[in-house]
Amino acid sequence: MTPTTLTALGICCALGQSKQQVWQNAISASRAGMQWRSDLLQSGDAVVVGQVAGQLPDLSAWPAQFQSRNNQLAALAYQQIAAEVAALRLQMGSDRIAVIIGSSTSGIAEGEQAMQHYVQQQRFPAGFHYQMQEMIAPAEFIAQLAEVSGPCYAISTACSSSARALMSARNLLLADMADAVIVGGVDSLCRLTLNGFKALESVSAGFCQPFSVNRDGINIGEGAALFVMQKHQPGIALLGAAASSDAHHMSAPHPQGRGAVDAIFQACEDAAIKPAQLDYINLHGTATPLNDSMESQALVQLALTQVAASSSKAMTGHTLGAAGAIEAALCWLTLSPYNSDNHLIPHCWDEQQDPDLPALQLVQPKQRHKVTYCLSNSFAFGGNNVALILGKTL
């Protein structure tokens with residue numbers, strides 16, 4: 001299949017507010033952005049979350065429906081690709097540039113605040129607009145910010161949302177429905193997701209420990225990653241992509257990773273490579289008992305236990321709908337000139353291997369290896385699995 005190139009990237013997450021900052025903190029195994037918060041759980045208990053620090057773009061001049069933290073994160077990421085989008089707009093016209101965004105929270109945090117205000121005062125606060133929490137809100141905001149008028153939509157398939165958005169952007173280009181796509185994901189911290197995962201007993205009591213015998217759940221994070229995707233360009237490309245569905249359980253993955261195996265194998269076929277050619281795997285690695293067990297079993301079935309692998313969620317938090325794009329972005333950075341020394345992203349954990357899990361080649365601090373092909377895994381509720389393969393094209 002024709003490769004589609006990711007010609008520009010903008011990113012913000014707990015690791016930083018720029019590509020350089022994110023990359024340097026990632027290879028340093030920094031958990032600096034992982035913070036204790038006591039204002040998110042209904043119980044009042046403190047919980048570790050990955051949050052974006054520092055000042056975010058001011059959206060006060062925008063219509064009310066766009067004034068959300070989610071869109072502030074999207075705007076911060078967009079600023080980093082704005083020059084490329086502006087050049088493409090002149091070259092191909094605004095109607096040939098599409099926007100596809102994955103999200104699972106959108107502006108729900110603002111909706112929570114509005115409902116609390118309503119309960120107390122029997123009216124919504126001034127400036128609240130219900131559209132800010134619609135799933136398409138970040139896509140429409142980015143389209144207006146970028147001044148483009150091509151196809152514009154959002155995808156919300158839980159934790160695979162923005163990985164699926166990358167697949168969809170590729171399909172849009174190959175169908176000649178656009179010449180370029182602004183694609184990625186954005187999610188922001190909110191009480192709904194924290195308390196929902198807490199109810200599922202899936203939130204860690206401390207810092208998450210992917211694949212450890214001590215793993216007890218996730219740390220939730222926030223962030224955004226936006227790419228510009230085009231055809232027939234040199235650079236870092238989405239070489240292969242595939243999706244599958246377990247049809248096993250509403251929230252639990254298939255124990256042996258049946259759907260994950262299918263997605264990874266099909267993505268390799270799509271990229272015209274064999275699984276053995278992979279050099280690095282960005283694991284879904286949520287640090288929940290079931291997910292890490294399933295993912296390691298899937299890698300055994302594909303004979304991938306000797307490939308360098310790491311979960312970046314211990315440093316970013318699980319950014320839910322944005323996770324697929326942020327982790328694809330980390331693969332992009334691994335392949336990019338930012339990584340001139342061939343570093344691999346280390347696996348950040350307590351180094352206590354679970355004897356009941358197949359041993360993986362988890363990346364050690366300061367480990368280096370030249371990477372040609374990266375696999376990024378995203379596995380979501382409802383058995384929604386997506387595997388992406390990134391590599392370089394000439």
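If you're wondering where the values come from, they're calculated on a predicted model, not measured in any experiment.
In this structure, the side chain of S310 engages the main chain of I345 through a donor-acceptor pair within 3.5 Å. Within the 3.5 Å criterion, the main-chain N or O of L9 finds a donor-acceptor partner in the side chain of K19. No donor-acceptor pair under 3.5 Å is formed between the side chain of D216 and the backbone N or O of S204. A donor-acceptor pair under 3.5 Å is formed between the side chain of S18 and the backbone N or O of Q21. Side-chain atoms of N195 come within 3.5 Å of backbone atoms of L40 as a donor-acceptor pair (strictly under, hydrogens ignored). Side-chain atoms of R89 come within 3.5 Å of backbone N or O of A146 as a donor-acceptor pair. In terms of modelled atom types and a separation under 3.5 Å, the side chain of N25 and the main chain of L15 share a donor-acceptor contact. The backbone N or O of S378 lies less than 3.5 Å from no partner atom in the side chain of E327, so there is not a single donor-acceptor pair.
With sequence neighbours excluded, no residue forms a side-chain hydrogen bond (donor to acceptor under 3.5 Å, both in side chains) with E351. Residues forming a side-chain hydrogen bond (donor to acceptor under 3.5 Å, both in side chains) with T319 (at least two apart in sequence, or on another chain): none. In this structure R368 satisfies the salt bridge (charged side-chain N to carboxylate O under 4.0 Å, His left out) test with no other residue, sequence neighbours excluded. By the side-chain hydrogen bond (donor to acceptor under 3.5 Å, both in side chains) test, S376 pairs with no residue at all, sequence neighbours left out.
Under 3.5 Å, the side chains of S106 and N70 contain no donor-acceptor pair of N or O atoms. Counted by atom type alone, Q51 and R37 present one or more donor-acceptor pairs between their side chains at under 3.5 Å. There is a side-chain donor-acceptor pair under 3.5 Å between T105 and D187. Under 3.5 Å, the side chains of T334 and N339 contain no donor-acceptor pair of N or O atoms.
Between W332 and Y338, the two ring planes are tilted [angle within 30° to 60°]. In this structure, H318 and H284 have perpendicular ring planes: the angle between them is above 60°, well past the 30° mark.
Both L172 and L238 belong to a single network of hydrophobic side chains, linked directly or stepwise wherever heavy atoms of I, L, V, M, F, W or Y lie under 4.5 Å apart. Tracing side-chain contacts under 4.5 Å through hydrophobic residues (I, L, V, M, F, W, Y), one reaches M92 starting from I142; they form part of the same cluster. Linking Ile, Leu, Val, Met, Phe, Trp and Tyr residues whenever their side-chain heavy atoms come within less than 4.5 Å leaves L145 and V183 in two separate clusters. Cluster annotation: I264 is not connected to M167 through the hydrophobic network of ILVMFWY side chains, with a link wherever side-chain heavy atoms come within less than 4.5 Å. Under a hydrophobic clustering in which Ile, Leu, Val, Met, Phe, Trp and Tyr are joined whenever their side-chain heavy atoms come within less than 4.5 Å, directly or via other members, V307 and V261 fall into the same cluster.
Between S293 atom OG and D354 atom CG the span is 8.0 Å, to the nearest 0.5 Å. Rounding to the nearest 0.5 Å places CH2 of W23 at 10.0 Å from OG of S28. Expressed to the nearest 0.5 Å, how far CZ of F141 lies from CG of L59 amounts to 4.5 Å.
Nearest heavy-atom pair, S311 versus H347, reported as atom, atom and distance to 0.1 Å: N-ND1, 3.1 Å. When every heavy atom of Q364 is checked against every heavy atom of Q367, the shortest pair comes out as N-OE1, 2.9 Å. Shown here for S104 and L320, the closest heavy-atom pair between the two residues is OG-CB, 3.5 Å. When all heavy atoms of F124 and H117 are compared, the pair lying nearest together is C-ND1, 3.8 Å. Shortest non-hydrogen contact noted between M135 and S156 is SD-OG, 3.9 Å. Heavy atoms only, all atoms of each residue included: N377 and E295 are closest at ND2-OE2, 3.1 Å.
Enclosure of atom OH in Y153 by more than 12 non-hydrogen atoms of other residues, nucleotides or ligands within 6.0 angstrom is indicated. For Q55, the CD atom is loosely surrounded, since the number of other residues' heavy atoms within 6.0 Å does not exceed 12. Within a 6.0 Å radius of CD in Q121, other residues, nucleotides and ligands contribute more than 12 heavy atoms.
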What side-chain donor-acceptor pairs closer than 3.5 Å can you find for residues 219-234, not counting sequence neighbours?
| residue | atom | partner | partner atom | Å |
| --- | --- | --- | --- | --- |
| N219 | OD1 | C208 | N | 2.8 |
| N219 | ND2 | G206 | O | 2.9 |
| E222 | OE1 | R69 | NE | 3.1 |
| E222 | OE1 | L189 | N | 3.2 |
| E222 | OE2 | V52 | N | 3.0 |
| E222 | OE2 | R69 | NE | 3.3 |
| E222 | OE2 | R69 | NH2 | 2.6 |
| Q230 | NE2 | T7 | OG1 | 2.9 |
| Q230 | NE2 | E84 | OE2 | 3.3 |
| K231 | NZ | L173 | O | 3.1 |

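Of the candidates L330, L283, V22, L330 is the only one forming a side chain to side chain contact (heavy atoms under 4.5 Å, CB included) with S312.
A salt bridge is absent between K370 and D341; no separation between the charged side-chain nitrogens and carboxylate oxygens falls under 4.0 Å. Ion pairing between D292 and R215 holds under the 4.0 Å rule for side-chain N and carboxylate O. Between R96 and D176 a salt bridge is recorded (basic side-chain N to carboxylate O distance below 4.0 Å).
Inter-residue side-chain proximity for C331 and Y280 is flagged as met; some heavy-atom pair is nearer than 4.5 Å.
Ring centers of W349 and F207: at least 6.0 Å apart, outside the cut-off.
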For a side-chain hydrogen bond (donor to acceptor under 3.5 Å, both in side chains) check, start with the C-alpha distance between D262 and N385, then their side-chain angles and the critical distance, and finish with the verdict. CA-CA 9 Å; D262 287 347; N385 308 298; over 6 Å; no

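Taking Ile, Leu, Val, Met, Phe, Trp and Tyr as hydrophobic and joining them when side-chain heavy atoms fall under 4.5 Å apart, one finds I136 isolated, its cluster having no other members.
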